[in-house]
Amino acid sequence: MCGRFNVIDNPGLRALLKDLGIDLTLPSAANVAPTEDVQLLRDRGTERTLETARWWLTPSWARAVDQKYAMFNARSESLSTSRAFRHPFKSQRGVVPMSGFIEWRKEGNSKQPWLISNEESALAIAALWDVWSRDDTTLLSCTLVTTAAAADFAPWHHRMPVMLTLRECERWLDGNQLIDSEDPLFRDELKYPLILKALPEAIGNARNKDLSMVTAKSDQVHLLGGTTVT
């Protein structure tokens, strides 16, 4: 986790961006997969910007842009020790806004995809970024930070993205604030209720970008920490 997510324009996502100082509307995008472009929120001195970044971190010291190592997720436990993550963790922290992410859970002989979000359909996910430059090519890329799953979420996956509150976003984005890998923002608990909705199996194909797959009603919906919703 996290290997796919969606950005669906809605009032909650617009309100989240505005609270973070960005008065823009994100274009909807379904089934976003690693190596694709995502919108990255980051502080650049006195300015907070929303920029297009490649979702697969390429460290500034890398010889080339490749997928030799899985760099679309970064485990919170290793942020201070990993060669690829320790420098960005100090001062190159960002937020990837999304409406929800996707996880697969084995059910019977198949894997059922589930859309995970909150009541507002607006999540602020902790990210790290770096800039790679060679000759005339400059690439801004990022990775999403994950932590151990909360007890309620563990039946779906043993990891989950670090979902930040607004207060945590301000700390995370401030490169002058020191954060260590034991910080409470990485805690393995839910900071707010999550809603899980079963999705069509066709979303397993990353080339399938049909928005209706993630916006249609589902006959299987769970509220984590609560009861099944139908």
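For this chain, numbers begin at 1 and follow the sequence in order.
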### side-chain contact (heavy atoms from CB on, under 4.5 Å) partners for R86, two or more places apart
R83
## Note on the structure
To the nearest 0.5 Å, atom CG of L224 lies from atom CG of L196 at 4.5 Å
### Summary
side-chain contact (heavy atoms from CB on, under 4.5 Å) filter on T81, not counting sequence neighbours, yields S78
### Step-by-step salt bridge (charged side-chain N to carboxylate O under 4.0 Å, His left out) determination, R105 to E107
CA-CA 6 Å; R105 183 172 73 163; E107 299 179 10; 3.2 Å; yes
### Task
Using the test side-chain contact (heavy atoms from CB on, under 4.5 Å), find all partners of A202 that sit at least two apart in sequence or belong to another chain.
N208, M213
### Query
Is it true that E77 and R159 make a salt bridge, defined as a side-chain N closer than 4.0 Å to a carboxylate O?
yes
### Query
Taking only residues two or more places apart in sequence or in another chain, which ones pass side-chain contact (heavy atoms from CB on, under 4.5 Å) with D19?
L166
### Query
With clusters built from Ile, Leu, Val, Met, Phe, Trp and Tyr whose side-chain heavy atoms come within less than 4.5 Å, directly or transitively, what are the remaining members of the cluster of W61, listed by chain and number?
none
### Task
Only counting residues at least two apart or in another chain, list the ones meeting ring pair (Phe, Tyr, Trp, His ring centres under 6.0 Å) with W129.
none
### Task
Report the relative orientation of the aromatic rings in W56 and F72; use parallel for angles under 30°, tilted for 30 to 60°, perpendicular for over 60°.
tilted
### Task
Would you give the length of the straight line joining atom CD1 of I22 to atom CZ of R14, rounded to the nearest 0.5 angstrom?
15.5 Å
#### Entry: Straight-line distance of F89 CZ to L128 CG, nearest 0.5 Å
7.5 Å
### Query
Are R54 and V38 side-chain neighbours, meaning at least one heavy-atom pair lies under 4.5 Å?
no
### Summary
Heavy-atom closest pair (D9 atom, S28 atom, distance to 0.1 Å) is N-OG, 3.0 Å
## Note on the structure
Rounded to the nearest 0.5 Å, the CD atom of E120 sits from the CG atom of L13 at a distance of 11.0 Å
### Query
Hey, does the side chain of S218 reach the backbone of A198 with a donor-acceptor pair shorter than 3.5 angstrom?
yes
### Query
If only atom types and distance count, is the side chain of S76 paired as donor or acceptor with the main-chain N or O of S181 below 3.5 Å?
no
## Note on the structure
Closest heavy-atom pair, P97 versus L26, reported as atoms and distance to 0.1 Å, is CG-CD1, 3.8 Å
### Query
Would a hydrophobic clustering, with Ile, Leu, Val, Met, Phe, Trp and Tyr connected at side-chain separations under 4.5 Å, put L185 with L178?
no
### Query
Heavy atoms, side chains only, cut-off 4.5 Å: are I8 and S121 in contact?
no
### Within residues 190-208 or reaching into it, pairs that qualify as salt bridge (Lys or Arg N to Asp or Glu O under 4.0 Å) - sequence neighbours excluded
E168-K191
### Task
Measure centre to centre between the rings of H157 and W104, then say whether the value is under 6.0 Å.
no
#### Entry: Check: Y192 and L194 side chains under 4.5 Å, non-hydrogen atoms
yes
### Query
Near E119 CD, under 6.0 Å, is it more than 12 heavy atoms from other residues, nucleotides or ligands?
no
### Task
Output yes when a side-chain donor or acceptor of T143 lies under 3.5 Å from a complementary backbone atom of L57, and no otherwise.
no
### S117 side chain vs S99 backbone, donor-acceptor pair below 3.5 Å
yes
### Query
Do the side chains of L79 and F186 get nearer than 4.5 Å, heavy atoms only?
yes
### Query
If you look at every heavy atom in C142 and A53, which pair is closest and at what distance?
SG-CB, 4.3 Å
### Query
W172 side chain to I125 main-chain N or O, any donor-acceptor pair under 3.5 Å?
no
### Query
If you look only at pairs with a residue in residues 4-41, which of them pass as a ring pair (Phe, Tyr, Trp, His ring centres under 6.0 Å), with sequence neighbours excluded?
F5-W55
### Query
Any donor and acceptor pair, going by atom type alone, linking the side chain of N10 with main-chain N or O of G12 inside 3.5 Å?
yes
### Message
Going by the rule side chain to side chain donor-acceptor pair (under 3.5 Å), which residues pair with K90 if we only count those two or more places apart in sequence or in a different chain?
### Response
none
### Task
Walk me through it: do Q112 and W156 pass the test side chain to side chain donor-acceptor pair (under 3.5 Å)?
CA-CA 10 Å; Q112 171 64 50; W156 275 265; over 6 Å; no
### Task
Would you indicate whether the side-chain heavy atoms of L144 and V96 approach each other to under 4.5 Å?
yes
### Between CE on residue M160 and CG on residue L190, distance to nearest 0.5 Å
5.5 Å
### Message
Can you pull out every salt bridge (Lys or Arg N to Asp or Glu O under 4.0 Å) where at least one residue sits in residues 128-143? Sequence neighbours excluded, please.
### Response
none
### Message
Once side chain to side chain donor-acceptor pair (under 3.5 Å) is applied, what residue pairs with a partner in residues 29-43 remain, sequence neighbours excluded?
### Response
R4-N31, E36-K209, Q39-T52, R42-E51, D43-R48
### Task
For residues L20 and C169, report the shortest heavy-atom separation together with the two atoms involved.
CD2-CB, 3.6 Å
### Message
Going by salt bridge (charged side-chain N to carboxylate O under 4.0 Å, His left out), name the residues that satisfy it together with D174, two or more places apart in sequence or in a different chain.
### Response
none
### Query
Does the side chain of L50 reach to within under 4.5 Å of the side chain of L40, using non-hydrogen atoms?
no
### Closest heavy-atom pair and its distance - N6, V214
ND2-CG1, 3.4 Å
### Task
Provide the closest heavy-atom pair for I203 versus P113 in the form atom of the first, atom of the second, distance.
CG2-CB, 3.7 Å
### Query
Is there a donor-acceptor contact under 3.5 Å from the side chain of N118 to the main chain of A122?
yes
### Query
Would you say S141's side chain and T58's backbone share a donor-acceptor pair under 3.5 angstrom?
yes
### Query
Does T215 use its side chain to pair, donor to acceptor, with the backbone of L211 at less than 3.5 Å?
yes
### Task
Would you check if H158 and F153 make a side-chain contact, meaning some heavy-atom pair closer than 4.5 Å?
no
### Query
Sub-3.5 Å donor-acceptor pair from the side chain of S91 to the main-chain atoms of G175, do we have one?
no
### Task
Check whether any side-chain heavy atom of T49 lies under 4.5 Å from a side-chain heavy atom of L41, and answer yes or no.
no
